[in-house]
Amino acid sequence: TERYNPRDTEPRWQQAWTDARAFEARHDPARPKYYVLEMFPYPSGRIHMGHVRNYTMGDVLARFRRAVGYNVLHPMGWDAFGMPAENAAIERGVHPKSWTYDNIAAMRDQLKSLGLALDWSREIATCDPSYYRHEQEMFIDFMKAGLVERKVSMVNWDPVDQTVLANEQVIDGRGWRSGALVEKRELAQWFLKISDYSEELLKALDGLTNWPEKVRLMQANWIGRSEGMRFSFVLEDETGKVRDEKLTVYTTRHDTIFGASFCALSADHPLVRELEGSIVGLAEFRREVAALGTSEESIERAEKKGFPLKLYARHPFRPDVKLPVYAANFVLMGYGEGAIFGCPAHDQRDLDFARKYQLPVIPVVAPKGTDPAQFTVGNEAFLEKEGDQTVLINSDFLDGMGVPEAKQTIAKRMEALGIGERKVNYRLRDWGVSRQRYWGCPIPVIHCITCGVVPVRKQDLPVTLPEDVTFDRPGNPLMHHPSWKDTTCPTCGGKAKRETDTFDTFIDSSWYFARFCSPKAAVPVDREEAKYWMAVDQYIGGVEHAILHLLYSRFYARAMTLTGHLDLKEPFASLFTQGMVVHETYKTEAGDWVLPADVVREGDAFVHAKTGEKILTGGIEKMSKSKKNVVDPEAIIDRYGADTARWFVLSDTPPERDIEWTETGVEGAWRFTQRVWRIVADVQQKGAVKGTVVPNAVAGEALELRRAAHLAIQAVTEDLYGLRFNRGIARVYELANALTSALQKNDPSDGMRFALREAGEAFVTLLAPMMPHLAEECWRVLGHETLMVDRPWPKADPALTTSDEVTIAVQVNGKRRDEIRLPKGLPQAKVEQAVLALDNVKRALDGKPVRKVVVVPDRIANVVSG
Ligand code: ANZ
Ligand code: ZN
């Protein structure tokens with residue numbers, strides 16, 4: 001046989017599938033649907049190995065489900081707005097639009113070369129006005145439904161680039177591009193009120209039983225429900241004069257109230273602002289805090305600092321205790337009340353703060369059984385609060401109680417005194433969707449001096465991005481455009497300005513899965529189509545999207561349902577998060593990363609191929625350009641073909657784990673494609689030809705092969721339903737071994753010829769979802785004219801897969817002639833059939849007619865001739 005040549009076959013089969021429109025999905029209420037979706041890619045320009053793994057998994061499911069009879073929807077599109085396009089414009093002078101569409105074209109070709117069973121007729125790009133006009137329409141509906149708010153909020157401001165930065169773009173307090181110290185600024189921005197749905201989004205997580213536990217937990221933590229109290233302190237100044245307004249704080253540890261030693265306010269708290277003008281140095285302190293940026297992480301990392309406000313909070317239960325009040329850099333304005341009481345013994349931030357400003361540290365919770373007089377807190381706060389392990393101390397009427405009881409008691413007291421109430425808080429903030437950037441969906445509102453903010457009329461949609469923009473100065477090109485923002489007010493007809501903010505790109509990806517149901521509809525989503533196709537039955541993507549993308553999408557489904565655009569709350573019935581592709585790295589002794597191609601092995605050591613420098617291995621890392629350990633899928637496809645790449649990324653490693661890319665692994669996959677090819681050629685030669693009648697029974701080696709085939713069918717089927725791709729592949733290998741050994745027997749009997757054909761065809765069918773091109777080519781070799789993708793999935797015969805087998809002695813007229821292994825408890829008629837088909841029996845009968853067969857169940861079968 002000639003070697004199998006994927007370079008020739010793969011493009012040919014891809015064309016054949018396209019010509020046959022094999023993967024175009026059509027609404028068909030008569031058939032069960034299966035919607036499989038992988039997170040759509042950002043068109044960066046080239047696919048990477050992570051894409052190959054992600055899309056191959058989805059593809060295997062699409063092809064498998066199709067074969068078992070589902071009406072499959074498997075679409076693809078592009079998450080095409082975003083900053084890299086603008087960066088390309090700034091750095092290389094290419095227009096974001098042409099950069100994006102060129103990248104899409106290149107990546108589309110690359111995905112096609114992977115042989116993905118995608119419905120390309122449904123392709124969407126989020127940067128296309130035909131997509132984002134619907135996004136604009138829905139936003140207007142959201143506005144009317146009260147889901148949208150415009151409010152002033154803090155942003156990270158880069159004073160050099162004159163632009164707002166996302167938290168990820170602030171690195172150690174500096175703008176990632178300019179290196180300038182980032183400031184906080186207040187800006188009026190658009191928000192979607194996701195926090196109205198905090199409780200609902202949290203509760204509904206319980207129903208998502210086909211989501212990974214860890215993702216549900218991450219979402220729950222992100223929503224961050226906490227049960228606490230809101231209460232007020234009476235404030236007085238240095239002279240003891242009581243102020244009119246009280247200080248309200250939020251706490252989840254009201255049990256520790258007797259350990260309070262200070263109060264702290266956010267630098268943005270209204271009271272701090274009010275005092276800014278009257279306390280020397282406070283303005284400076286506020287500026288310093290502003291320079292920290294807005295991310296929780298940077299705030300968490302910074303040294304805890306405060307500024308005394310010359311005010312004192314009266315302890316609610318101890319008239320003699322007055323707590324000094326500070327402005328502090330670790331209290332956030334956006335959470336709770338923007339103010340806290342500090343209890344250093346039981347909170348690490350408070351403890352760091354207390355040590356710095358020499359404030360008292362009073363332990364009020366201690367391990368059960370310790371002597372309160374002996375219990376002290378050093379440099380680590382005591383955080384334990386389980387009721388059965390701890391006890392309240394130094395706390396007056398709370399002494400001796402457990403934490404939960406103490407909380408109850410304080411809550412009741414405060415409520416009775418009318419100074420506070422119990423309060424549930426959520427960490428989840430409203431979703432700020434304004435971006436001061438060009439390459440995004442324009443927010444469809446107009447600012448009118450007389451009418452205020454007015455939504456664009458629906459008949460005027462879409463608000464399209466102007467193409468004649470420049471990137472020669474910092475800031476938002478939409479703002480600099482000479483005429484784009486000039487418009488007229490839809491309400492009064494007067495001169496007005498367009499909103500120049502564009503949407504956060506997470507909006508684009510929060511509903512694309514619904515658009516795929518009716519990608520060309522004149523409405524955002526055709527309800528009938530969505531009713532049939534939604535929810536996504538299997539969603540596959542990286543765990544890096546476990547929080548934001550999935551939470552926003554869950555919110556969007558609810559918002560779309562509220563506004564009549566959809567009719568479901570949970571868009572993803574089942575979620576799978578796949579592991580990364582990792583690869584060995586190499587470094588010079590100086591610590592510079594080196595390309596694996598430049599490294600040669602010398603004995604146990606490595607040296608640089610060109611410079612001879614000593615090279616060290618740098619550990620196995622996620623493939624990344626900076627670490628120089630990227631393997632380009634295109635190069636792999638060029639060399640070995642897509643099937644080899646697909647097979648490799650599915651083999652050996654469970655799909656949820658990181659897979660290590662190795663040369664030997666890929667070569668193993670490549671050798672297997674050649675082996676499949678040889679096995680199939682051999683089967684075609686030695687197996688029965690198409691259409692041969694099923695022999696009455698098959699025995700011996702042939703039966704073994706049949707069993708192997710049916711066991712493989714059963715196992716692979718289960719594995720693919722369960723997304724255990726690596727195990728399915730291991731089963732295909734086993735079947736290959738069974739076929740190889742059967743072929744070596746050169747047994748020309750009808751039984752074997754039949755078994756070979758049956759097992760050979762099963763083999764090709766089972767590997768088809770993973771190696772679709774090779775399977776088509778083999779299918780052709782086996783004499784079939786139809787496309788492999790139209791072949792239904794084989795069914796395992798339970799008689800051949802039951803593992804309970806018995807050996808039955810076969811006699812002819814009382815004389816032992818053979819033995820046969822059959823499933824235990826097989827009915828008499830089947831045993832007869834199997835026995836009479838044995839060659840040894842036929843020979844012993846020598847043409848004489850059979851009178852009867854006496855069967856001792858599971859033990860002996862005696863053929864009696866006439
Ligand atoms: C007193 C106290 C004593 C606290 C103690 C903790 C331990 P979660 O569980 O996340 O809701 N806090 C409240 N508002 C804050 C803000 N705006 N910025 C920073 N911290 C704030 O956290 C609630 C706890 O975080 C609250 O309970 C408060 O500190 C702090 F031994 O109050 B605690
Ligand atoms: Zn107006």
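We number each residue from 1, following the sequence as shown. Order of listing sets the numbers, starting from 1, for every ligand and every atom in it.
What sits closest to atom 10 (O) of ligand 1 on the protein, heavy atoms only, is Y335 OH, 3.7 Å. Nearest non-hydrogen protein atom to atom 19 (C) of ligand 1 is F330 O, 3.5 Å. Protein heavy atom nearest atom 22 (O) of ligand 1, with residue, atom name and distance: T252 OG1, 4.0 Å. Among all protein heavy atoms, the one lying closest to atom 21 (C) of ligand 1 is I340 CG2, 3.4 Å.
At under 3.5 Å, a nitrogen or oxygen of L332, whether backbone or side chain, sits near a nitrogen or oxygen of ligand 1. In terms of polar-atom proximity, defined here as any N/O pair under 3.5 Å, D347 makes no such contact with ligand 1. Considering backbone and side-chain N/O atoms, T256 never comes within less than 3.5 Å of an N/O atom of ligand 1. Considering backbone and side-chain atoms together, D350 places no N or O closer than 3.5 Å to any N or O of ligand 1.
Within 6.0 Å of the CD atom in E274, the count of heavy atoms belonging to other residues, nucleotides or ligands exceeds 12. Under a cut-off of 6.0 angstrom, the local environment of NZ in K203 is sparse, with at most 12 non-hydrogen atoms contributed by other residues, nucleotides or ligands.
Ion pairing of R174 with E183 is absent here, as no side-chain N (NZ or NE/NH1/NH2) approaches a carboxylate O to less than 4.0 Å.
One option in T251, V249, N221, L383 has a heavy atom closer to atom 32 (O) of ligand 1 than any other, and that option is T251.
A cation-pi arrangement, defined by a distance under 6.0 Å to the six-membered ring centre and an angle within 45 degrees of its axis, is absent between R554 and Y197.
An angle of 110° is found at the Zn ion (ligand 2) between C489 atom SG and C492 atom SG, rounded to 10°. Put simply, the angle at the Zn ion (ligand 2) from SG in C448 to SG in C451 is close to 110°, to the nearest 10°.
Contact atoms of ligand 1 toward R253: 2 (C), 3 (C), 4 (C), 5 (C), 6 (C), 7 (C) (distance under 4.0 Å to a heavy atom of the residue). Close contacts between ligand 1 and F341 involve ligand atoms 1 (C), 32 (O) [criterion: under 4.0 Å to a heavy atom]. Atoms of ligand 1 lying under 4.0 Å from any heavy atom of H346, numbered from 1 in the order shown and given with element: 5 (C), 7 (C), 31 (F).
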Does the pair F139 and F503 meet the rule for a ring pair (Phe, Tyr, Trp, His ring centres under 6.0 Å), with working shown? CA-CA 10 Å; F139 184 77; F503 281 138; 4.9 Å; yes

Applying ring pair (Phe, Tyr, Trp, His ring centres under 6.0 Å) to F142 and Y556, what does each step give before you reach the verdict? CA-CA 10 Å; F142 290 0; Y556 237 78; 5.2 Å; yes

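Under 3.5 Å, the side chains of D430 and S195 contain a donor-acceptor pair of N or O atoms. Between the side chains of S434 and D501, at least one donor N or O lies within less than 3.5 Å of an accepting N or O. W190 and E149 share no side-chain donor-acceptor pair at under 3.5 Å. Side-chain contact, D504 with W431: a donor N or O sits under 3.5 Å from an acceptor N or O.
Each of F341, Y357, F285 was evaluated against Y326; a single residue qualifies, Y357, per the ring-ring contact (aromatic ring centres under 6.0 Å, His included) test.
Distances from ligand 1 to the non-hydrogen atoms of G336 include no value under 4.0 Å. At least one heavy atom of V331 lies less than 4.0 angstrom from ligand 1. Residue contact check for ligand 1: R349 places a non-hydrogen atom closer than 4.0 Å to it.
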